[in-house]
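All values below were derived from every heavy atom in this structure, side-chain atoms included, with hydrogens, water molecules and symmetry-related copies excluded.
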Amino acid sequence: QVQLVESGGGLVQTGGSLRLSCAASGRTFSSVATGWFRQAPGKEREFVAAINWSGTSTYYPNSVKGRFTISRDNATNTVYLQMNSLKPEDTAVYYCNRVPDKLRTGLALGSWGQGTQVTVSS
C-alpha cells in the first residue's frame, strides 16, 4: 500500500513560486499515477494536476494550466508540484493522492494525508 506525505507549503506573495513535494512509501509507487488536489476554506476539494506512473503524461485543469507543473522522480519516490505566478485564490491546503491512469478524471483513489498549507498574500 502506498502512503503519501506532503510538504513544501508556506506563505508567498502574489506572483511568487513554491515547490511542493509528495513523498511516497511503498514499493508500488513507481507504478501508480499520482495527482495533486487542493481545498480552500469553505470549498470542496479541487483537482489541480496529475502525472502518469512514468512521468511521460500530465494533465492540468484550466485553472492552473500554464502556471503549475507536476513532475516525479521514481528513484526517490517523490512527486513534485512547481507552482508559479501564484494568486491569492491558490491559497489552500494541498494534498497528493493516487489517481486513475485516465488522468483527467480527477478522482482520488487513496486516503488523504495531512496536506501542506499554501498561503498567497495579496
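Distance check: Ser7 OG to Arg19 CZ gives 9.5 Å after rounding to the nearest 0.5 Å.
Across all their heavy atoms, Leu18 and Val12 have their closest contact at CD1-CG1, 4.1 Å. Here the closest heavy-atom approach between residue Ala50 and residue Val99 is recorded as CB-CG2, 4.1 Å. Nearest heavy-atom pair across Ser54 and Thr56 is OG-OG1, 2.8 Å. In terms of heavy atoms, Ala33 sits closest to Asp101 at CB-OD1, 4.0 Å. The minimum heavy-atom distance between Arg72 and Val32, with the atom names listed, is NH1-O, 2.9 Å. The minimum heavy-atom distance between Ala24 and Leu4, with the atom names listed, is CB-CD2, 3.4 Å.
Residue pairs meeting the disulfide (SG to SG under 2.5 Å) criterion with at least one member in residues 79-122, sequence neighbours excluded: Cys22-Cys96.
Side-chain atoms of Met83 and Asp90, non-hydrogen and from C-beta on, never get closer than 4.5 Å to each other. The shortest side-chain heavy-atom distance between Arg38 and Lys43 does not fall under the 4.5 Å cut-off. Looking only at side-chain heavy atoms (C-beta outward), Ser121 and Leu11 come within less than 4.5 Å of each other. Contact annotation: the side chain of Val79 never approaches that of Leu81 to less than 4.5 Å [non-hydrogen atoms, C-beta and beyond]. Ser63 is listed as a side-chain neighbour of Glu46, based on a closest heavy-atom distance under 4.5 Å.
In this structure, Ser85 contributes its side chain and Gly15 its backbone to no donor-acceptor pair below 3.5 Å. Counting only distance, with no hydrogens or angles, the side chain of Thr91 and the backbone of Val120 share a donor-acceptor pair below 3.5 Å. In this structure a side-chain-to-backbone donor-acceptor pair under 3.5 Å is missing from Asn74 to Asn77. Under the 3.5 Å distance criterion, the side-chain polar atoms of Asn97 are left unmatched by any main-chain donor or acceptor of Thr34.
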Should Phe68 and Trp36 be marked as a side chain to side chain contact (heavy atoms under 4.5 Å, CB included) after you check the CA-CA gap, both sets of side-chain angles, and the distance that decides it? CA-CA 10 Å; Phe68 290 10; Trp36 283 95; over 6 Å; no

Verdict with reasoning, Tyr95 to Gln39, per side chain to side chain contact (heavy atoms under 4.5 Å, CB included): CA-CA 8 Å; Tyr95 304 86; Gln39 188 167 24; 4.3 Å; yes

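The environment of CD in Gln3 is sparse: at most 12 heavy-atom neighbours from other residues, nucleotides or ligands sit within 6.0 Å. Around CG of Asn84, the count of heavy atoms belonging to other residues, nucleotides or ligands within 6.0 Å exceeds 12. The environment of NZ in Lys65 is crowded: more than 12 heavy-atom neighbours from other residues, nucleotides or ligands sit within 6.0 Å.
Ring-plane geometry between Trp112 and Phe37 is classed as perpendicular, the angle between the planes exceeding 60 degrees on a 0 to 90 degree scale with a lower cut at 30.
Tested against Tyr60, the residues Ile70, Leu103, Val48 include a single side chain to side chain contact (heavy atoms under 4.5 Å, CB included) partner, Ile70.
With 3.5 Å as the limit, one finds no donor-acceptor pair spanning the side chains of Gln82 and Ser71. Between the side chains of Asp73 and Thr78, no donor-acceptor pair is found at a separation under 3.5 Å.
When hydrophobic clusters are built by joining Ile, Leu, Val, Met, Phe, Trp and Tyr residues whose side-chain heavy atoms come closer than 4.5 Å, directly or via intermediates, Phe47 is not grouped with Tyr94.
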